[in-house]
Protein chains: 2
Amino acid sequence: MGKMRADAVRNRRLLLDAAAAEFAEHGTEVSIARIAARAGIGKGTVFRHFATKEQLMAAIFGDQLDRLSDAGEALMGSADPGGALLEFMAGAIELQCADRSFCQAVTANTRQDPQVRAASDRLVAVADALTAHARRAGAVRDDATGHDVVLLINGVSQATAPLGDAVPGIWRRYLGLVFDGLRPEAAHPLPVPSPRSLAPESAPMPGSASVPAPDSDPVPPD
Amino acid sequence: MGKMRADAVRNRRLLLDAAAAEFAEHGTEVSIARIAARAGIGKGTVFRHFATKEQLMAAIFGDQLDRLSDAGEALMGSADPGGALLEFMAGAIELQCADRSFCQAVTANTRQDPQVRAASDRLVAVADALTAHARRAGAVRDDATGHDVVLLINGVSQATAPLGDAVPGIWRRYLGLVFDGLRPEAAHPLPVPSPRSLAPESAPMPGSASVPAPDSDPVPPD
DNA sequence: ACCTGAACACCGTTCAAGT
DNA sequence: ACCTGAACACCGTTCAAGT
């Protein structure tokens, strides 16, 4: 890890910055050639640092999740836990809506990536802490969890982001609606318990090599 | 419209059925070659019926929106308007989660398509009627609209669908949470009014030629 | 070790040749 | 009028040749 050549670490940084900017502006369908050109490196160099375009997406997606976690941690000591939770959700949604690739990354298979999984776990932990504070302050219902908060953030972002710049602050309306659902006043019992992990597949047992999806082949053999 | 050759209408139906099935099973990234093979037609024939893969997606997406509208209309005479609205949302989310392409279609530029726009408008109208009934019955808050309901359906679907089959009925939890936000009990004033249209761009003024969509015809004239 | 661009494979789209 | 598969363009990925 620490024994990378100087030009390699420099190129890696240039690549990550260029890719993040291109993805944010144009979505994940930008070509690798364009990203490499922006970074000032060769196409082949991209694949020396990331085996696949999806892994590059995962690295950037993970970084952004970490930024959300940082923002959440900064709010953890607040005197108004309910307001802090609302502010956390607002900041996360706003950031996601400003980045065209964010919602695409969530839908993609990026969740399988270990870095993304780790960043996602941290974000859930931060959300859990904020939610617990708000719950103790009576601002949110007893059965609300950090998983719920993260998932609701995603839902509001994904549903409002494609509306684009047509109605700039429209996500605030739906954050308001969803947050009202988190309040204790209207709480009705929920039919299903909160999930343990946001990952699609169960965590691999220690000792079992994580084998990728068996039927990932688009064309079936004959 | 009515003067298509017999084999053309037959092929069009085969194509739509095959594409719908493939998209539902594997998402929108399935190749045109695979869809054509399943339909038993040549690749080129696909592009005779739809100028682009995205237009094919739009046609199928529009059909599915119409199915949601049908289901909603069947619930309109219910004696329990609140329950009918909840059931409408549940059915829509369940259908979306069963179809891998649904969420991808929402994110894509499919919204520009006139057929999709029409189907979307109808769905909003149905949701508006159901919401108005539920509102009058005191089951939902005064400021909730059909747009809100459709958008919340999308949010729950998009946020829970990628979790996949790991937690089969997890969407029921988030529908419950979101629906609690629609109840009058916890209603706090919302900072932004409900949008008029779900389309990303504003409707063109009468007399101004809408530039971006050059050809609304599924079969281009020659 | 790492960088690079030419070469490869795949897929959406076009089109000349068929009926 | 419509169908078809070969041909084209584009893009992700690989690799032999460079430093």
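Note that these values count all heavy atoms, side chains included, but never hydrogens, waters or copies made by symmetry. Letters A, B, ... are given to chains in the order of the sequence lines, protein chains preceding strands, and every chain is numbered from 1.
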J.: Listed in order of residue number, which residues of residues 6-15 of chain A have a non-hydrogen atom at under 4.0 Å from DNA chain C?
T.: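 A:Asp7, A:Ala8, A:Asn11 - these, ordered by number, are the residues of the stretch whose heavy atoms sit under 4.0 Å from the strand.
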
J.: Under the ring pair (Phe, Tyr, Trp, His ring centres under 6.0 Å) test, which residues partner A:Tyr174, sequence neighbours left out?
T.: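 None.
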
J.: What residues form a side-chain hydrogen bond (donor to acceptor under 3.5 Å, both in side chains) with B:Asp7, not counting sequence neighbours?
T.: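 Partners of B:Asp7 by the side-chain hydrogen bond (donor to acceptor under 3.5 Å, both in side chains) criterion, ordered by chain and then number, come out as B:Arg5.
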
J.: Going 5' to 3' through nucleotides 12-19 of chain C, assign each nucleotide B (protein heavy atom under 4.0 Å from a base atom), S (under 4.0 Å only from sugar-phosphate atoms) or - (no protein heavy atom that close).
T.: SBB-----

J.: What integer distance in Å separates A:Phe50:CZ from C:dC2:P?
T.: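 Whole-Å distance recorded here is 14 Å.
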
J.: What pairs with A:Thr145 under side-chain hydrogen bond (donor to acceptor under 3.5 Å, both in side chains), at least two apart in sequence or on another chain?
T.: A:Asp148, A:Ser194

J.: Would you mind listing every salt bridge (Lys or Arg N to Asp or Glu O under 4.0 Å) that reaches into residues 92-110 of chain A, with sequence neighbours excluded?
T.: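 Of all non-adjacent pairs touching residues 92-110 of chain A, none passes salt bridge (Lys or Arg N to Asp or Glu O under 4.0 Å).
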
J.: With sequence neighbours left out, what residues match B:Asp180 under salt bridge (Lys or Arg N to Asp or Glu O under 4.0 Å)?
T.: A:Arg141, B:Arg183

J.: As a test of your reading of the structure, name each stem of DNA chain D as range with range, where a stem is three or more consecutive Watson-Crick or G-U pairs at under 3.5 Å.
T.: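 So far as stems of 3 or more pairs are concerned, DNA chain D shows C:4-8 with D:12-16, C:12-16 with D:4-8.
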
J.: The criterion is salt bridge (Lys or Arg N to Asp or Glu O under 4.0 Å); which residues satisfy it with A:Asp113, sequence neighbours excluded?
T.: none

J.: Do any pairs count as a ring-ring contact (aromatic ring centres under 6.0 Å, His included) and have a residue in residues 85-120 of chain B, sequence neighbours left out, and if so which ones?
T.: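 Counting only pairs at least two positions apart or across chains, the ring-ring contact (aromatic ring centres under 6.0 Å, His included) contacts touching residues 85-120 of chain B are B:Phe61-B:Phe102.
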
J.: Quick check: does any side chain N or O of A:Ser120 sit under 3.5 Å from a backbone N or O of A:Val116, one acting as donor and the other as acceptor?
T.: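 Such a contact is absent between A:Ser120 side chain and A:Val116 backbone.
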
J.: When you measure from the side-chain N and O atoms of B:His49 to the phosphate of D:dC2, is any distance below 4.0 Å, counting only OP1 and OP2?
T.: no

J.: Considering only residues two or more places apart or on different chains, which pairs with a residue in residues 31-44 of chain A satisfy salt bridge (Lys or Arg N to Asp or Glu O under 4.0 Å)?
T.: A:Glu22-A:Arg34, A:Glu22-A:Arg38, A:Glu25-A:Arg38

J.: Once side-chain hydrogen bond (donor to acceptor under 3.5 Å, both in side chains) is applied, do any residues pair with B:Glu73, and if so which ones, sequence neighbours excluded?
T.: B:Arg122

